[in-house]
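Take a look at the structure below.
In each ligand, atom 1 is the first atom listed, and ligand 1 is the first ligand listed.
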Amino acid sequence: MAQVIAIANQKGGVGKTTTAVNLAASLAVLKKRVLLIDMDPQGNATMGSGIQKNDLIYSVTDVLLGEAPIENAIMGSEVGYKVLAANRELSGIELRIAEQDGREFILKNVLKNVEQSFDIILIDCAPSLSLITINAMAAVNGVIIPMQCEYYALEGLADLTQTIDRIKQAVNPNLEIMGVVRTMYDARSALTRDVSDELKRYFGTKLYDTVIPRNIRLAEAPAHGLPVIYFEKSSKGAVAYLKLAAEIIKKIK
Ligand SMILES: Nc1ncnc2c1ncn2[C@@H]1O[C@H](COP(=O)(O)OP(=O)(O)O)[C@@H](O)[C@H]1O
Ligand SMILES: [Mg+2]
C-alpha cells in the first residue's frame, strides 16, 4: 500500500512546491514508484515536472468533479514519476463540491483505485485551508512541513500544529506530522541557526537531519520544467533533496 504524504504549510513561499517536485524526482531515482498530485491551482508542481498546465486533457479538477477516472487523468512525465496535474480550473470547483455528501473525502476515495500502483504518493498543497486542501489532508497518512528558518516561522508554529490537530479531529484521526524540513537554509546566518535550534526543541526527532540549502539551481530548474536532479545533478540542491529522500525512506520503514 502506498504511503500518501501531503507537503503542506499554510504559509506561501516556504518551499512546498520545490520540495514536492524534487522529493518526487529523488524518490523515483531511489527506485520508488511515485505519484505527484498537484493540488494548487497555480499549477507550479505541474509545470516544474515539465507538463504544460494549460494543455491538459484531464486534471485533478476532473477527477474531483467525478468527470474523469483517476487512472485516465494520471500522466507520465520525462522525470521519473507520474503526475496528476492541476491548473487554475481547480480554484473554481470549491463551490461545486461544497454541497456534496462526503465532500472532504473525494480524493481519499478515488486514490483507493490507484494506491497499489505506487509506493509513495506526494500531494503538493496550496497555502490556503480550502476544501481542496482538506481533501488532501483527509487522504494522507502524514504531512511533511517545509519551513524556512526565519523568525516568522516560529510565530506560526502554534497555529500550524493547532490547524493540524483540528483537521485530525475533523477528517483524519490518523493524520500525523511525519517530518519537518528546513528549506532555504543559510548555515552562515545566526538567525537561521537560532530558529533551527528552536525547531529542534519543538519538533524533536520529527525535524529531519537533512537541511535544504538556499541554492540558485533549485530556483532556476522549474523554468526548464525539470527537477533539479535533471537540471544540475551535482548542485547542492540536488544532493540535499536526494539525501532527504533517503532519510524519509529510512523513517518510513
Ligand atoms: N532551497 C531553495 N533555494 C533557493 N530558492 C528556493 C529554494 N526553495 C524554494 N526556492 C524558491 O522560493 C520560491 C518559493 O518556493 P516554492 O517552492 O514555490 O514555495 P511554496 O510552494 O511554499 O509557495 C520559488 O521561487 C522557489 O524557486
Ligand atoms: Mg507552491
Side chain to side chain donor-acceptor pair (under 3.5 Å) evaluation trace for Asp186 with Thr192: CA-CA 6 Å; Asp186 177 6; Thr192 294; 5.3 Å; no
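- Taking a heavy-atom cut-off of under 4.0 Å, ligand 1 is surrounded by Gly12, Gly13, Val14, Gly15, Lys16, Thr17, Thr18, Met184, Ile212, Pro213, Arg214, Asn215, Leu218, Ala219.
- Annotation: Gln116, atom CD; neighbour count of heavy atoms from other residues, nucleotides and ligands within 6.0 Å is above 12.
- Lys250 and Glu247 are not joined by a salt bridge, as no carboxylate oxygen comes within less than 4.0 angstrom of a charged side-chain nitrogen.
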Derivation and outcome, salt bridge (Lys or Arg N to Asp or Glu O under 4.0 Å), residues Arg217 and Glu220: CA-CA 5 Å; Arg217 296 288 176 258; Glu220 290 169 345; 2.6 Å; yes
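- Tested against Tyr241 for a side-chain hydrogen bond (donor to acceptor under 3.5 Å, both in side chains), the candidates Asn215, Thr210, Asn22, Thr19 yield a single pass: Thr19.
- With sequence neighbours left out, Arg33 forms a side chain to side chain donor-acceptor pair (under 3.5 Å) with Asp119.
- For Gln52 and Asn54, the side-chain atoms include no donor-acceptor pair closer than 3.5 Å.
- Under 2.8 Å from the Mg ion (ligand 2), one finds the following protein N/O/S atoms: Thr17 OG1.
- With values rounded to the nearest 0.5 angstrom, Leu27 atom CG is found 6.5 Å from Ile248 atom CD1.
- For the ring-ring contact (aromatic ring centres under 6.0 Å, His included) test, residues two or more places apart in sequence or in another chain that qualify with Phe231 are His224.
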